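Here's the structure we're looking at; comments come further down.
Source: prediction; values computed, not measured.
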Amino acid sequence: KGMNIVNVLPLMPEEEIISILPVGKDLTVDSSICMITEKGIMKRTALDAFRNVRKTGIIAINIDEDDRLKFVAITNGNDQLIVATKNGLAIRFSESDVREMGRTARGVRAIRLRENDSVVGLTVLKENARLLTVTENGYGRISSFDDYRLQSRGGKGITNYRCAKYNTGVAGVISVNDDEDIILISSDGIIIRIPV
(Lines give C-alpha, C1' and ligand atoms only; values in the text may rest on other atoms or scores of the structure.)
Protein backbone atom coordinates (compact mmCIF):
# COMPACT_ATOMS: atom_id res chain seq x y z
CA LYS A 1 0.00 0.00 0.00
CA GLY A 2 2.84 2.42 0.78
CA MET A 3 3.21 5.23 3.29
CA ASN A 4 0.85 8.20 3.42
CA ILE A 5 2.68 11.19 1.93
CA VAL A 6 1.48 13.47 4.75
CA ASN A 7 4.09 11.72 6.90
CA VAL A 8 6.75 13.26 4.67
CA LEU A 9 5.14 16.43 3.28
CA PRO A 10 2.72 18.67 5.21
CA LEU A 11 0.01 18.82 2.54
CA MET A 12 -3.19 20.80 2.94
CA PRO A 13 -6.40 18.70 2.90
CA GLU A 14 -7.31 19.82 -0.66
CA GLU A 15 -3.78 19.38 -2.06
CA GLU A 16 -2.60 16.45 -4.15
CA ILE A 17 0.76 15.56 -5.69
CA ILE A 18 0.94 16.12 -9.45
CA SER A 19 4.54 15.34 -10.30
CA ILE A 20 7.86 14.19 -8.87
CA LEU A 21 11.05 15.49 -10.52
CA PRO A 22 14.56 14.14 -9.89
CA VAL A 23 17.05 16.99 -9.46
CA GLY A 24 20.64 17.04 -8.24
CA LYS A 25 21.74 18.82 -5.09
CA ASP A 26 23.13 21.71 -7.16
CA LEU A 27 20.12 23.71 -8.34
CA THR A 28 22.23 26.44 -9.97
CA VAL A 29 22.42 24.59 -13.29
CA ASP A 30 20.92 26.32 -16.33
CA SER A 31 17.65 24.42 -16.23
CA SER A 32 14.04 25.46 -15.99
CA ILE A 33 10.87 23.93 -14.65
CA CYS A 34 7.97 24.06 -17.11
CA MET A 35 4.49 23.73 -15.61
CA ILE A 36 1.21 23.46 -17.48
CA THR A 37 -2.34 23.53 -16.21
CA GLU A 38 -5.40 21.59 -17.34
CA LYS A 39 -6.63 24.67 -19.22
CA GLY A 40 -3.39 25.16 -21.19
CA ILE A 41 -1.61 27.86 -19.14
CA MET A 42 2.16 27.31 -19.05
CA LYS A 43 4.81 28.81 -16.85
CA ARG A 44 8.60 28.48 -16.98
CA THR A 45 10.71 29.23 -13.91
CA ALA A 46 14.45 28.87 -13.36
CA LEU A 47 15.29 25.76 -11.37
CA ASP A 48 17.42 27.72 -8.90
CA ALA A 49 14.32 29.67 -7.80
CA PHE A 50 13.48 26.53 -5.81
CA ARG A 51 16.84 26.35 -4.03
CA ASN A 52 15.55 27.55 -0.64
CA VAL A 53 12.38 25.57 -0.03
CA ARG A 54 10.79 25.71 3.42
CA LYS A 55 9.48 22.61 5.14
CA THR A 56 5.94 23.76 4.40
CA GLY A 57 6.82 24.33 0.72
CA ILE A 58 6.77 27.45 -1.44
CA ILE A 59 4.46 28.74 -4.16
CA ALA A 60 5.49 27.53 -7.61
CA ILE A 61 2.60 28.91 -9.70
CA ASN A 62 -0.58 30.91 -9.19
CA ILE A 63 -3.54 29.07 -10.68
CA ASP A 64 -7.00 30.31 -11.60
CA GLU A 65 -9.76 29.04 -9.32
CA ASP A 66 -11.32 26.80 -12.01
CA ASP A 67 -7.97 25.37 -13.17
CA ARG A 68 -5.40 22.94 -11.78
CA LEU A 69 -1.75 22.06 -12.35
CA LYS A 70 -1.39 18.95 -14.53
CA PHE A 71 2.21 18.39 -15.68
CA VAL A 72 5.73 19.51 -14.81
CA ALA A 73 8.97 18.94 -16.73
CA ILE A 74 12.61 19.98 -16.46
CA THR A 75 14.04 21.67 -19.57
CA ASN A 76 17.43 23.06 -20.55
CA GLY A 77 16.40 26.42 -22.05
CA ASN A 78 16.61 25.27 -25.68
CA ASP A 79 14.13 22.40 -25.68
CA GLN A 80 11.03 21.97 -27.78
CA LEU A 81 7.79 20.86 -26.13
CA ILE A 82 4.64 19.05 -27.22
CA VAL A 83 1.40 19.69 -25.37
CA ALA A 84 -1.45 17.24 -26.07
CA THR A 85 -5.16 17.46 -25.32
CA LYS A 86 -7.80 14.88 -24.41
CA ASN A 87 -9.71 15.48 -27.65
CA GLY A 88 -6.72 14.59 -29.82
CA LEU A 89 -4.97 17.90 -30.58
CA ALA A 90 -1.29 18.66 -30.03
CA ILE A 91 0.98 21.66 -30.41
CA ARG A 92 4.78 21.73 -30.75
CA PHE A 93 6.65 24.89 -29.81
CA SER A 94 9.97 26.08 -28.45
CA GLU A 95 10.22 26.58 -24.71
CA SER A 96 11.86 29.95 -25.44
CA ASP A 97 8.38 31.13 -26.51
CA VAL A 98 7.57 31.07 -22.79
CA ARG A 99 9.75 33.61 -20.99
CA GLU A 100 11.07 32.72 -17.55
CA MET A 101 8.88 34.10 -14.74
CA GLY A 102 9.06 34.38 -10.97
CA ARG A 103 7.55 31.75 -8.72
CA THR A 104 4.31 33.64 -8.05
CA ALA A 105 3.44 34.44 -11.69
CA ARG A 106 0.40 32.90 -13.40
CA GLY A 107 1.91 31.97 -16.77
CA VAL A 108 0.91 32.33 -20.43
CA ARG A 109 -1.31 30.38 -22.83
CA ALA A 110 0.46 27.36 -24.34
CA ILE A 111 -2.48 26.00 -26.35
CA ARG A 112 -5.89 27.47 -27.17
CA LEU A 113 -8.37 24.80 -26.10
CA ARG A 114 -11.72 24.15 -27.72
CA GLU A 115 -14.85 23.62 -25.66
CA ASN A 116 -14.82 20.56 -23.36
CA ASP A 117 -11.11 19.89 -23.99
CA SER A 118 -8.23 19.76 -21.52
CA VAL A 119 -4.47 19.18 -21.45
CA VAL A 120 -3.49 15.54 -20.89
CA GLY A 121 0.21 15.60 -21.71
CA LEU A 122 3.43 17.59 -21.78
CA THR A 123 6.59 16.06 -23.16
CA VAL A 124 10.06 17.33 -24.01
CA LEU A 125 11.39 16.33 -27.42
CA LYS A 126 14.46 14.11 -27.10
CA GLU A 127 17.04 13.40 -29.76
CA ASN A 128 16.35 10.22 -31.79
CA ALA A 129 13.02 9.79 -29.97
CA ARG A 130 9.43 9.56 -31.15
CA LEU A 131 6.07 10.42 -29.63
CA LEU A 132 3.96 7.73 -28.00
CA THR A 133 0.24 8.55 -27.75
CA VAL A 134 -1.94 6.32 -25.56
CA THR A 135 -5.73 6.46 -25.48
CA GLU A 136 -8.10 5.94 -22.57
CA ASN A 137 -9.28 2.60 -23.98
CA GLY A 138 -5.72 1.23 -24.18
CA TYR A 139 -4.60 1.86 -27.77
CA GLY A 140 -1.13 3.24 -28.45
CA ARG A 141 0.54 4.77 -31.48
CA ILE A 142 4.10 5.97 -32.08
CA SER A 143 4.67 8.96 -34.39
CA SER A 144 7.71 10.80 -35.64
CA PHE A 145 8.21 14.25 -34.17
CA ASP A 146 8.54 15.44 -37.78
CA ASP A 147 4.77 14.92 -38.09
CA TYR A 148 4.28 17.88 -35.72
CA ARG A 149 5.31 21.16 -37.30
CA LEU A 150 6.91 23.79 -35.07
CA GLN A 151 4.39 26.51 -34.20
CA SER A 152 4.21 29.51 -31.91
CA ARG A 153 2.73 28.86 -28.49
CA GLY A 154 -0.91 29.78 -27.98
CA GLY A 155 -2.26 28.21 -31.17
CA LYS A 156 -4.94 25.51 -31.50
CA GLY A 157 -2.44 22.83 -32.54
CA ILE A 158 -2.89 20.05 -35.08
CA THR A 159 -4.71 16.70 -35.02
CA ASN A 160 -2.73 14.13 -33.07
CA TYR A 161 -5.41 11.43 -32.72
CA ARG A 162 -8.90 11.09 -34.21
CA CYS A 163 -10.74 10.62 -30.92
CA ALA A 164 -14.27 11.07 -32.29
CA LYS A 165 -13.71 8.38 -34.95
CA TYR A 166 -12.55 5.82 -32.37
CA ASN A 167 -14.87 7.00 -29.56
CA THR A 168 -12.09 7.57 -27.03
CA GLY A 169 -9.90 10.27 -25.55
CA VAL A 170 -6.13 10.64 -25.29
CA ALA A 171 -4.81 9.52 -21.89
CA GLY A 172 -1.25 10.81 -22.34
CA VAL A 173 1.82 11.36 -24.52
CA ILE A 174 5.52 10.77 -23.88
CA SER A 175 8.85 10.82 -25.74
CA VAL A 176 10.22 7.30 -26.24
CA ASN A 177 13.31 5.66 -27.73
CA ASP A 178 13.21 2.24 -29.41
CA ASP A 179 15.49 0.63 -26.79
CA GLU A 180 13.19 1.59 -23.88
CA ASP A 181 10.30 -0.17 -22.19
CA ILE A 182 7.04 1.51 -21.27
CA ILE A 183 4.85 0.81 -18.27
CA LEU A 184 1.10 1.40 -18.54
CA ILE A 185 -1.11 1.51 -15.44
CA SER A 186 -4.90 1.45 -15.51
CA SER A 187 -7.13 3.37 -13.10
CA ASP A 188 -7.76 0.04 -11.29
CA GLY A 189 -4.03 -0.41 -10.67
CA ILE A 190 -3.42 -3.06 -13.35
CA ILE A 191 0.08 -2.71 -14.81
CA ILE A 192 1.75 -3.90 -18.04
CA ARG A 193 5.33 -3.44 -19.24
CA ILE A 194 6.12 -3.72 -22.95
CA PRO A 195 9.06 -2.79 -25.20
CA VAL A 196 8.60 0.40 -27.21
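- Side-chain atoms of Val170 and Thr85, non-hydrogen and from C-beta on, never get closer than 4.5 Å to each other.
- Judged purely by atom type and a 3.5 angstrom limit, Arg141 has no side-chain atom pairing as donor or acceptor with the backbone of Thr133.
- Every residue meeting the salt bridge (Lys or Arg N to Asp or Glu O under 4.0 Å) condition with Arg130, not counting sequence neighbours, appears here in chain and number order: Asp178.
- Lys43 has its side chain out of reach of Asn62: every pair of non-hydrogen atoms, C-beta onward, lies at least 4.5 Å apart.
- Between the side chain of Ser186 and the main chain of Asp188, a donor-acceptor pair closer than 3.5 Å is present.
- At least one side-chain heavy atom of Leu150 sits less than 4.5 Å from a side-chain heavy atom of Gln80.
- Between the side chain of Asp117 and the backbone N or O of Lys86, at least one donor-acceptor pair lies under 3.5 Å.
- In this structure, the side chain of Asn76 engages the main chain of Asn78 through a donor-acceptor pair within 3.5 Å.
- Using a 4.5 Å heavy-atom cutoff, the side chains of Val119 and Thr37 are not in contact.
- Within the structure, ring-ring contact (aromatic ring centres under 6.0 Å, His included) contacts touching residues 147-194 (residues at least two apart or in different chains) are Tyr161-Tyr166.
- Contact check for Lys126 versus Phe145: no side-chain heavy atoms found under the 4.5 Å cut-off.
- Closest approach of Leu125 to Ser175, counting heavy atoms only: CA-OG, 4.0 Å.
- Between Thr135 and Asn137, the side chains place a donor N or O and an acceptor N or O closer than 3.5 Å (distance only, hydrogens not considered).
- With sequence neighbours left out, Thr159 forms a side-chain contact (heavy atoms from CB on, under 4.5 Å) with Leu89, Arg162.
- Listed here is the closest heavy atom pair of Gly155 and Ile91: N-CD1, 3.6 Å.
- In this structure, Glu95 and Thr75 approach most closely via the heavy-atom pair OE1-OG1, 2.7 Å.
- Between Arg109 and Ile41, the closest heavy-atom pair is CA-CD1, 4.1 Å.
- Residues Thr168 and Glu136 approach most closely at OG1-N, 3.6 Å, considering heavy atoms.
- Cluster annotation: Ile17 is connected to Met3 through the hydrophobic network of ILVMFWY side chains, with a link wherever side-chain heavy atoms come within less than 4.5 Å.
- Counting only heavy atoms from C-beta outward, the side chains of Phe50 and Ile33 approach each other to under 4.5 Å.
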In sequence, state the C-alpha distance, the side-chain angles, and the governing distance for Arg193 and Asp181, and then conclude on salt bridge (Lys or Arg N to Asp or Glu O under 4.0 Å). CA-CA 7 Å; Arg193 175 178 173 180; Asp181 288 354; 3.0 Å; yes
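- In this structure, Leu81 and Val124 have side chains that are in contact, with non-hydrogen atoms separated by less than 4.5 Å.
- For the pair Val196 and Leu132, the minimum side-chain heavy-atom distance is 4.5 Å or more.
- By the rule that hydrophobic residues join a cluster once side-chain heavy atoms approach within less than 4.5 Å of another member, Val134 and Ile191 end up as members of separate clusters.
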Is there a side chain to side chain donor-acceptor pair (under 3.5 Å) between Arg92 and Asn160? Walk through the geometry before answering. CA-CA 11 Å; Arg92 173 183 176 179; Asn160 175 38; over 6 Å; no
